[in-house]
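The block underneath contains the structure these notes are about, expressed in C-alpha cells.
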Amino acid sequence: MFRYKCTQCGKEYKRDEVKYLCPDCSKSYEPGMPLKGVLTAEFDYDLIKSKFNRENPDLNLFSAVEKKFYPGFFHGNTPFHKSERLCGFTGFENLYLKNDTLNPSGSYKDRASFLVVAEAIRIGEEKIVTASTGNAASSLAAVCASAGKKALIFAPESAPAAKLLQMQVYGAEVFKVKGTYDDAFKLSIEYTNDNGGLNRNTAYHPLTIEGKKTSALEMFVQNNFKPPDAVLIPVGDGVIISGVYKGFYDLKMCGLIEKIPELICVQSENSNAISNFIETGVYSDAANPATVADSISVKTPSNAYMARNAVIASGGFAVTVSDKEIMEAQKTLAATTGMYAEPSSAAVLAGLLKSKTKLDKKKQIVLLITGSGLKDTAATAKYLNG
Ligand SMILES: *Cc1c(COP(=O)(O)O)cnc(C)c1O
Ligand SMILES: [Zn+2]
C-alpha cells in the first residue's frame, strides 16, 4: 500500500518494519534536539491516479490506514470559503479561510489523532500516549474515547484550562508536567520506551504527518480541483506545515496538480526556531518560546528539518509576529468573519498583514485556521479587558 521513506537518508522500509523514526538516522537522536530520521509515506501514485475520479472523489485513496480500521470519529471536511469582508479589510482580493475550528475537539489535531488511533486499531494497541501543549492531547483523548482506547497524556500544567478539562471529560489519564512542552515530550518518549503503548508524539509517529495532510486534499477538491496559490500556516513543531506540503506533494505525484502552493510559515517572535532555520540555514533552539499562542510555543521543534524543506521547496517564506499583533488579529478575524480562533491560529492573519509586500494581492491565498478561540478565553479576556 505504501512504504516509509526516511526524510534524511532516503532509505525505504516496509510498513510494519518500522514504527517511529528511521532506525539508522535516529541513532544519534537525543531528547532536546529536532527529531532525526522522520519518516514519510510513499504511495503507489500511479494506482491512486488510476482510481481517482472527479465525479466522486474518494480521498481515502490517499490514506495510510485502511478504512475498515477507522474509529467512528467524524472530523475534517471543514468549510473552505472566501471572506469578502476580510478581503475588504486587508486589501487582498482573493482571501480564503479553511475553518478547522469546527473539528469535534476544536482543533486541526483531530486529523492526526484520528489516523494514529486508526493505526492503533489496526495493530491491536490499547494504550496511546502523547506529549502535548494541549490540543494534541485533548484531541487524542476525544478520538480514543470514540474508539474505546486509553489515552495517556503528558501536558504542561500551564496548558489552558479548557484544554486540560477536555482531556479529563473525555476520560484520558493526564500527567501534568511541572515544566514545558519540551519536558513533556521527553517524558512521554521515556514512558513508551519503558512501558509500551503507541506513542503519538508529533512527527515521532509518521502517521501524524499523514493525518495532517488531509486539509490539503480537501482544499484541492473544495477549490474545484485546483491548488490555491499560497497557504499561511501557524507553525510550532512544524508538522501541520509538513503535512500540508505532503498532501499537495501526493497530489502532484499523482499528476492531479502541477504546482504545490507557496507555504508561508507563521510563528511567534519568541517561538521562532523554524523561521530562523528557514532564513539562516542554521538551526538553533528558541531561547525563550513563551507566547500567548500556547499551541505554537516550542523550544525545540520536533519536525524542524522537514518543515524547513517544505517551505523552501514550495517557494514560500517565514514570518514572525508579536503577541500584540496576534491578539489584535484575533479580534479582527472574529469581528470581520465571525470566526473566533485561538491565538496560534489568529497568528496567520497577523502574518498576512506583515507580508503585504511579499504576497500578490490578486492571488488566491488561504488562512489555515487551526483551533477554536473557546479553548483559551482567558487570553482574549486579558487582551480585551486588560
Ligand atoms: C499544534 C497546533 C499548531 C501548530 O502545529 P505544529 O504541527 O506543531 O506546527 C497550530 N495551531 C493549533 C491550534 C495547534 O493545535
Ligand atoms: Zn534515515
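Numbering of ligands and ligand atoms starts at 1, following listing order.
Rounded to the nearest 10 degrees, the angle SG (Cys9) to the Zn ion (ligand 2) to SG (Cys25) equals 110°. The Zn ion (ligand 2) forms the vertex of an angle spanning SG of Cys6 and SG of Cys22; to the nearest 10 degrees it equals 110°.
The six-membered or imidazole ring of Phe220 lies away from that of Phe248, with a centre-to-centre distance of 6.0 Å or more.
Sequence neighbours left out, the pairs with a member in residues 104-128 that pass ring pair (Phe, Tyr, Trp, His ring centres under 6.0 Å) are Tyr70-Phe114, His75-Phe114. Among residues at least two apart or in separate chains, ring pair (Phe, Tyr, Trp, His ring centres under 6.0 Å) pairs with a member in residues 42-64 are Phe2-Phe43. Applying the salt bridge (charged side-chain N to carboxylate O under 4.0 Å, His left out) rule to pairs touching residues 56-79 yields Arg15-Glu66, sequence neighbours excluded.
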Which protein N or O atoms sit under 3.5 Å from any N or O of ligand 1? Give atom names and distances.
residue  : atom   : partner : partner atom : Å
ligand 1 : 7 (O)  : Lys212  : NZ           : 3.1
ligand 1 : 7 (O)  : Val239  : N            : 2.9
ligand 1 : 7 (O)  : Ile240  : N            : 2.8
ligand 1 : 8 (O)  : Asp237  : N            : 2.8
ligand 1 : 9 (O)  : Gly236  : N            : 2.8
ligand 1 : 9 (O)  : Asp237  : N            : 3.3
ligand 1 : 9 (O)  : Gly238  : N            : 2.8
ligand 1 : 11 (N) : Ser344  : OG           : 3.3
ligand 1 : 11 (N) : Thr370  : OG1          : 2.7
ligand 1 : 15 (O) : Lys109  : NZ           : 2.7
ligand 1 : 15 (O) : Asn135  : ND2          : 2.8

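A distance-only check finds no donor-acceptor pair linking the side chain of Glu342 to the backbone of Ser107 [under 3.5 Å]. For the pair Glu269 (side chain) and Thr320 (backbone), a donor-acceptor distance under 3.5 Å is absent.
A salt bridge links Lys98 with Glu218: at least one charged nitrogen is closer than 4.0 Å to a carboxylate oxygen.
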